[in-house]
Q: 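This is the structure I want to talk about, given as structure tokens.
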There are 2 protein chains.
Amino acid sequence: MTDLIQQIAFIKEIDKLKYIKRKTKLFHSDRCENDAEHSWHLAMMVIVLAEHSNEKIDILKVLKMVLIHDIVEIDSGDIFMFDTKKSHDNTAEELKAAERIFGLLPKEQAKDLIEIWLEFEKGKTNEAKFAKAMDRFEPILQNVSNNGGTWKEYHVPKEKVLDKTKSINNGSKSIWDYSLNEIEKLFKTI
Amino acid sequence: MTDLIQQIAFIKEIDKLKYIKRKTKLFHSDRCENDAEHSWHLAMMVIVLAEHSNEKIDILKVLKMVLIHDIVEIDSGDIFMFDTKKSHDNTAEELKAAERIFGLLPKEQAKDLIEIWLEFEKGKTNEAKFAKAMDRFEPILQNVSNNGGTWKEYHVPKEKVLDKTKSINNGSKSIWDYSLNEIEKLFKTI
């Protein structure tokens, strides 16, 4: 019963992810996406696109990664992909957030989820590469649907977009080929 | 490549789930939850609470169930748990929606996801029982945090709440014990 009480405290706490707004807008929309919606969408993308992974992956682990990957932002806030001042690396602030929030869970479970989150952040394993590819791919689809979206809004040049998204290739060559083509096409029109 | 194009059409289409509002409000809030946020929260609950399932379950399948369970509402709309006019059963309208939306995917994938959705709807397997328990449990936590929430707002008596939520017991006895206690406590104060 103690475990259940701790788990419920965590479930209540993570409701706050629904208030963390991203810069990126929904498809064909000017409404910002929040982190909970974003995490759900990535999870659906994992289910549907897993066959395009370059390497064999443990889908359950990738799902866990994308479902929890932004939970630290409850404390540390969303960092825009093209923010030049704030680091996107696994910062001390994010690690502290992970320890506080996952730390609400029973000890073993907290440890497991922090490990999965760190594995995602490091981006070295096949699962992390594919999860990160999904995290980069969703805003491409969104920005293309919004005629340039945040790229246009924040005057991000094509080279910078390509530089920040090319790691999709590490997770899925076919999804990167598709992305590259979409980015090239878009930048001819904006 | 044809498969990828179809899969991306599906990924774009399901963005609409973010606009489908539920009656239930976020925790300690008067802001309605949308179906995408709700589905993400259920997925997190599955990850964290799976050990409380009465029976051994395939967690990956349960995750798929909760992530896709409301996608049909893009066409058919959200039905309030205590709506007395509209049926909550797997209606012809919902099946049509499932065929249209999942039907955007390559044939085999569409078939798989429709099957998983139907398995959830029927609620007979261990996985479906646990997924449905999560779907019933989240609004209990939310309504308790909101001093009665939608139950108070729509004058739903305790007996009706218990009648609509008691199936949690089929998925998890310990979560049902916790829920029952929370509902009893709450109705003494509202």
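First the proteins, then the strands, lettered A, B, ... as listed; each starts at 1.
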Q: Select one option (side chain, backbone, both, neither) describing which atoms of A/Asp35 are under 4.5 Å from chain B's heavy atoms.
A: neither
Q: Do B/Ile140 and B/Ile168 come within less than 4.5 Å of each other through their side chains, counting heavy atoms only?
A: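 Answer yes - side chains close enough.
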Q: Any chain of hydrophobic side-chain contacts (each under 4.5 Å) joining A/Leu118 to A/Ile101?
A: yes
Q: Less than 4.5 Å to any heavy atom of chain B: does that hold for the side chain of A/Leu63, its backbone, both, or neither?
A: side chain
Q: With a 4.5 Å cut-off on heavy-atom pairs, point out which of B/Leu17, B/Asp112, B/Leu113 contacts chain A the most.
A: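 Heavy-atom pair counts peak at B/Leu17.
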Q: Would you say the rings of A/His41 and A/Phe27 are close, in the sense that their centroids are separated by under 6.0 Å?
A: yes
Q: Considering only heavy atoms from C-beta outward, does the side chain of A/Trp40 approach that of B/Glu37 to under 4.5 Å?
A: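 No, side chains not in contact.
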Q: Find the one option among B/Leu49, B/Ile175, B/Ile14, B/Asn34 whose heavy-atom pairs under 4.5 Å with chain A are most numerous.
A: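 Most heavy-atom pairs within the cutoff with chain A belong to B/Ile14.
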Q: Could you grab the distance from atom CG of A/Asp70 to atom CH2 of A/Trp117, nearest 0.5 Å is fine?
A: 10.5 Å
Q: Sort A/Leu105 into side chain, backbone, both or neither according to what part of it lies under 4.5 angstrom from a heavy atom of chain B.
A: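 For A/Leu105, side-chain heavy atoms alone lie under 4.5 Å from chain B.
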Q: Taking every non-hydrogen pair under 4.5 Å, which of A/Leu60, A/Ile47, A/Ile68, A/Val48 racks up the most with chain B?
A: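 Winner by heavy-atom pair count: A/Val48.
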Q: Under a 4.5 Å heavy-atom cut-off, does chain B meet the side chain of A/Leu141, its backbone, both or neither?
A: side chain
Q: For B/His69 and B/Glu121, does a side-chain donor sit closer than 3.5 Å to a side-chain acceptor?
A: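 Judged by distance alone, the side chains do not pair up.
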Q: Under a 4.5 Å heavy-atom cut-off, does chain B meet the side chain of A/Gln7, its backbone, both or neither?
A: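 Contact with chain B: backbone and side chain both.
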